[in-house]
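For reference, the structure discussed in these notes is given below.
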There are 2 protein chains.
Amino acid sequence: MNGQELLKQHISKTATLTDEQFDYFFSHFTLLSFKKGQTIISEGDEVDCEYFVVSGCLKAFFINDDIKMYILQFAMSTWWTSDYNALYSHSRATINVDCITDAEVLCLKSADREKLCAEIHQVEHFFRWRTNRGYVASQKRLLSFMNNDAKKRYEELLTLYPELYNLVPKHLIAAYLGITRETLSRLYNGR
Amino acid sequence: MNGQELLKQHISKTATLTDEQFDYFFSHFTLLSFKKGQTIISEGDEVDCEYFVVSGCLKAFFINDDIKMYILQFAMSTWWTSDYNALYSHSRATINVDCITDAEVLCLKSADREKLCAEIHQVEHFFRWRTNRGYVASQKRLLSFMNNDAKKRYEELLTLYPELYNLVPKHLIAAYLGITRETLSRLYNGR
DNA sequence: CCTGCGATGTGATGTATGTCACATAATTAA
DNA sequence: TTAATTATGTGACATACATCACATCGCAGG
């Protein structure tokens with residue numbers, strides 16, 4: 001499915017747009033192609049876009065002072081990603097986004113999103129619900145962090161997104177779970 | 001400040017409503033008073049409201065199988081709280097909300113929120129931004145969990161919300177930080 | 001087809017935090 | 001005020017996970 005159809009179908013689950021409204025909405029997006037390993041947002045960048053993933057897999061991650069990486073989010077087809085903190089507070093990026101595989105994304109400028117939200121009530125409705133879902137997912141992950149040990153979180157992740165198992169290297173899975181690659185290795189090989 | 005003024009001022013930071021629109025909006029809220037220790041949402045309840053805190057302090061928390069408590073959110077004046085997972089997925093509550101101190105809250109039914117969002121574009125705008133902020137805060141807390149040890153998270157919490165120090169017992173602070181009360185006690189008394 | 005580097009496995013050891021047990025201080029209820 | 005409950009402190013010990021060091025494996029580029 002191409003990006004336009006994918007986005008149309010994605011939005012129609014939450015909001016009702018006429019064909020003309022959708023075409024107008026879609027006209028604000030730019031299709032970008034990236035190769036595996038390419039960077040989309042770097043720490044320190046001015047962030048003014050968010051991204052709807054058409055194909056491939058991205059990661060949004062944070063690098064701490066000890067150069068350890070923590071993955072905030074994997075983003076696959078129909079997922080949205082950006083540095084929402086920077087985007088919302090108009091500050092510089094503190095997280096990075098890059099490509100785990102070759103990827104195609106639809107880029108929407110923040111100013112355009114706000115314009116579209118103001119112009120088309122249903123677009124604002126869509127973004128409210130999208131963020132709702134993100135918020136709930138984020139709270140669930142937080143709870144999982146507090147309540148479950150690394151093994152349980154690993155199993156939970158693979159239950160929720162089995163496609164990740166073959167798609168992303170294990171040291172990235174570890175970085176998502178908040179543990180080291182060594183510990184992850186020991187979890188599924190006995191001890 | 002009374003609840004109506006507080007809510008009006010709170011909303012005006014994000015959305016522009018006429019006085020008539022605000023009065024109509026406000027007419028959907030119910031003022032409720034609770035005593036310290038009273039429960040607002042219990043696990044298993046049907047959840048159909050969210051709450052705007054006028055005064056006092058609430059906690060939203062999860063109890064695991066070992067009867068250990070994890071606090072998802074403290075909620076003080078001008079904060080919103082509920083079991084948003086249950087609210088949006090129309091499922092039963094998996095978290096609890098109760099009162100750390102005597103509290104006054106404004107209750108908004110989910111059905112009314114959706115109605116108001118559909119009727120008044122600026123109301124939908126307000127709720128989109130409110131959830132945005134919640135989402136960003138939740139991601140920050142997630143990062144803090146992965147990147148910082150308990151001591152740093154404790155200092156971070158007190159920097160962000162110094163009023164909590166005198167307001168809530170330390171075992172609740174521990175439950176928010178995801179550690180035991182013993183560990184928290186050892187953090188600020190030297191070892 | 002090499003060659004080199006990124007990804008993974010595994011042992012030895014260190015450390016933060018949990019668990020359990022008990023003492024004491026501070027609130028709340030009667 | 002007294003009694004009961006809840007909150008807090010502290011020691012001894014257990015455990016999950018990190019760290020560091022090194023070995024192996026597999027794949028990508030020259």
Side-chain angles (χ1 to χ4, degrees), chain A residues 35-39 57 59 61-71 74 98-102 142-158 164-191, chain B residues 34-39 56-57 59 61-71 74 98-102 142-158 164-191:
Chain A
K35 289 281 169 202
K36 177 176 176 175
Q38 271 194 286
T39 295
C57 183
K59 65 176 191 285
F61 60 102
F62 174 77
I63 304 281
N64 76 359
D65 298 339
D66 303 333
I67 322 187
K68 268 177 74 165
M69 173 179 61
Y70 296 102
I71 294 182
F74 292 114
D98 71 17
C99 301
I100 295 176
T101 66
D102 291 357
L142 199 56
L143 257 188
S144 177
F145 244 93
M146 297 203 273
N147 191 29
N148 299 143
D149 64 12
K151 182 160 199 178
K152 226 168 167 186
R153 295 204 304 279
Y154 175 62
E155 287 160 0
E156 211 171 66
L157 178 65
L158 290 190
L164 287 178
Y165 186 81
N166 295 309
L167 192 61
V168 322
K170 297 208 190 309
H171 73 276
L172 295 184
I173 303 268
Y176 181 90
L177 296 173
I179 58 178
T180 60
R181 53 175 199 79
E182 293 97 326
T183 296
L184 179 60
S185 167
R186 289 178 173 109
L187 285 182
Y188 48 81
N189 307 322
R191 195 105 294 263
Chain B
F34 292 98
K35 288 282 167 199
K36 177 176 177 177
Q38 271 194 288
T39 295
C57 183
K59 64 178 194 281
F61 60 103
F62 173 78
I63 304 280
N64 77 358
D65 298 340
D66 303 334
I67 323 188
K68 267 177 74 166
M69 174 179 60
Y70 296 102
I71 293 182
F74 292 114
D98 70 17
C99 302
I100 295 176
T101 66
D102 292 356
L142 200 56
L143 257 187
S144 177
F145 245 92
M146 298 202 274
N147 190 29
N148 300 143
D149 64 12
K151 183 161 197 174
K152 227 169 167 187
R153 295 204 303 281
Y154 175 63
E155 288 160 359
E156 212 171 67
L157 178 66
L158 289 191
L164 287 178
Y165 187 81
N166 294 310
L167 191 60
V168 321
K170 298 207 189 312
H171 73 276
L172 295 184
I173 304 268
Y176 181 91
L177 296 173
I179 59 179
T180 60
R181 56 175 196 79
E182 292 97 327
T183 296
L184 179 60
S185 166
R186 289 177 172 111
L187 285 181
Y188 48 79
N189 307 323
R191 192 103 296 261

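Just so you know, these numbers come straight off a predicted model, no measurement behind them. Quick note on labels: first sequence line is chain A, next is B, and so on, each numbered from 1. Every heavy atom of this structure was used, including side-chain atoms; hydrogens, water molecules and symmetry mates were not.
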Which part of the nucleic acid, if any, lies within contact of A/Lys36, taking any heavy atom under 4.0 Å across all strands shown: a base, the sugar-phosphate backbone alone, or nothing? nothing
So does A/Lys36 get a backbone contact from the side chain of A/Asp102, meaning a donor-acceptor N/O pair under 3.5 Å? yes
Whole angstrom is fine here: how far is it from CG in B/Leu184 over to P in D/dT10? 13 Å
Does A/Thr180 place a side-chain N or O at less than 4.0 Å from the phosphate oxygens OP1/OP2 of D/dA18? yes
Sub-3.5 Å donor-acceptor pair from the side chain of A/Asn147 to the main-chain atoms of A/Leu143, do we have one? no
A/Asn189 has a side chain; which of D/dA18, D/dT10, C/dG9 sits nearest to it? C/dG9
Donor-acceptor check, side chain of A/Asp149 to backbone of A/Lys152, threshold 3.5 angstrom: yes or no? yes
Please give, in whole Å, the distance from D/dA28 C1' to A/Lys35 NZ? 15 Å
Please evaluate the base of C/dG18 for a donor-acceptor partner in the side chain of B/Arg186 within a cut-off of under 3.5 Å? no
Assign B/Gly37 to base, sugar-phosphate, or nothing according to its heavy-atom contacts below 4.0 angstrom with the strands shown. nothing
A/Asn64 side-chain N/O to A/Asp66 backbone N/O, donor-acceptor pair under 3.5 Å: yes
Interatomic distance where CD1 belongs to B/Ile100 and P belongs to C/dT27 [whole Å]: 16 Å
Need the bend value for the helix from C/dC1-D/dG30 to C/dA30-D/dT1: angle between end axes, 5 pairs each end, nearest 10°. 60°
May I have the step-by-step check of side chain to side chain contact (heavy atoms under 4.5 Å, CB included) for B/Leu167 and B/Phe74, ending in yes or no? CA-CA 11 Å; B/Leu167 191 60; B/Phe74 292 114; over 6 Å; no
C/dT8 phosphate, OP1 or OP2, under 4.0 Å from A/His171 side-chain N/O: yes
Just N and O in the side chain of A/Tyr188: are any of them under 4.0 Å from OP1 or OP2 of C/dT8? no
Considering only side-chain heavy atoms of A/Lys170, which listed nucleotide, C/dG18, D/dA7, C/dT8, is closest? C/dT8
Rounded to the nearest angstrom, tell me the gap between atom CG in A/Leu187 and atom P in D/dA18. 9 Å
Answer yes or no: does atom OH of B/Tyr165 have more than 12 heavy-atom neighbours from other residues, nucleotides or ligands under 6.0 Å? no
Non-hydrogen atoms of A/Ile179 and A/Ala150 that approach each other most closely: CG2-CB, 3.7 Å
So which nucleotide from D/dT8, C/dT19, D/dG9 ends up closest to the side chain of B/Lys68? C/dT19
Out of D/dG9, C/dG18, C/dT10, minimum distance to the side chain of B/Thr183 belongs to C/dG18
Please give, in whole Å, the distance from D/dT6 C1' to B/Leu172 CG? 11 Å
Of the nucleotides D/dT19, C/dG9, C/dA21, which has the atom closest to the B/Glu182 side chain? C/dA21
From C-beta outward on B/Arg181, which listed nucleotide comes closest to its side chain: C/dG9, D/dG9, C/dA7? D/dG9
For A/Arg153, does its backbone N or O pair with a side-chain atom of A/Ser144 as donor and acceptor, under 3.5 Å? no
Contact residues, residues 148-158 of chain B to DNA chain D [heavy atom, < 4.0 Å]: none
Let me see the working for B/Leu158 and B/Tyr154 under side chain to side chain contact (heavy atoms under 4.5 Å, CB included), right down to the final yes or no. CA-CA 6 Å; B/Leu158 289 191; B/Tyr154 175 63; 3.5 Å; yes
Whole-Å gap separating P (C/dG9) and CD1 (A/Ile173): 12 Å
Give a yes or no on this: more than 12 heavy atoms of other residues, nucleotides or ligands lie within 6.0 Å of atom NZ of B/Lys170. yes
Could you tell me the separation between the OH atom of A/Tyr165 and the C1' atom of C/dT8, rounded to a whole number of Å? 12 Å
Ignoring the backbone of A/Ile179, work out which of D/dG9, C/dT8, D/dA18 is nearest its side chain. D/dA18
